[in-house]
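Note sheet for the following structure.
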Amino acid sequence: EAGVTQFPSHSVIEKGQTVTLRCDPISGHDNLYWYRRVMGKEIKFLLHFVKESKQDESGMPNNRFLAERTGGTYSTLKVQPAELEDSGVYFCASSQSKGLNTEAFFGQGTRLTVV
Amino acid sequence: AQSVTQLGSHVSVSEGALVLLRCNYSSSVPPYLFWYVQYPNKGLQLLLKYTSAATLVKGINGFEAEFKKSETSFHLTKPSAHMSDAAEYFCAVSFFGGYQKVTFGTGTKLQVIP
């Protein structure tokens, strides 16, 4: 079974440009989460989808970030325009259903560098 | 509010020695606690979790952690380090519902010296 996959694995863009990160969850997983780790800091929650609906987006830093999950399958996270402080590793995770016995599986992350 | 504090951003142990990675948590409600591991160029992998059942939790690869409410701790241990244990380890906390809005610590990089 394929795991959570994220594209691209690395991205280097200039300040002011737009970048779109993609996450393909495990097939059949309704829950999809985005997290971000800024260099040297903790991994922080960004938002949570249940199917195509945003369940919780309280961790989104500002309105330069837009997450979508059309059709409840893969998700994209767009940063427009990118700023230097957006650099970090963006993780995606998915889980089958709510509840304490449902493990969230993480992708390997997208390393974003804004120069 | 909930948070975790991992003591030591880098820990070095000799191969065969005890591994002890420290984690203290803060939570206003009974917590669920996790340890994740990230091997180089890999995603985060769940090592073990505490969800209010047994306080001593056994995980994969010989790791275990003990929930100590009086000390608000959830330290990760392994009796004998192996070279393949070199990775970054994250302690994390959540509450009811398990995996929603998990709060992570800053991570501890474990180096194993031959």
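Every chain is numbered from 1, with letters handed out A, B, ... down the list of sequences.
When only modelled atom types and interatomic distance are considered, T106(B) and Q6(B) share no side-chain donor-acceptor pair under 3.5 Å.
Residue R111(A) does not touch chain B at all, counting heavy-atom pairs closer than 4.5 Å. Of the atoms belonging to S9(A), not a single heavy atom falls under 4.5 Å from chain B. Residue contact with chain A, scored on non-hydrogen atoms closer than 4.5 Å, involves the side chain of Q38(B) exclusively. Using a 4.5 Å cut-off between heavy atoms, Y39(B) does not touch chain A at all.
Salt bridge D56(A)/K54(A): absent, no basic N to carboxylate O contact under 4.0 Å.
Annotation: cation-pi pair R37(A)/F91(A) absent, no NZ/CZ under 6.0 Å from the ring centroid and within 45° of its normal.
Checked against salt bridge (Lys or Arg N to Asp or Glu O under 4.0 Å), E64(B) has the following partners two or more places apart in sequence or in another chain: K58(B).
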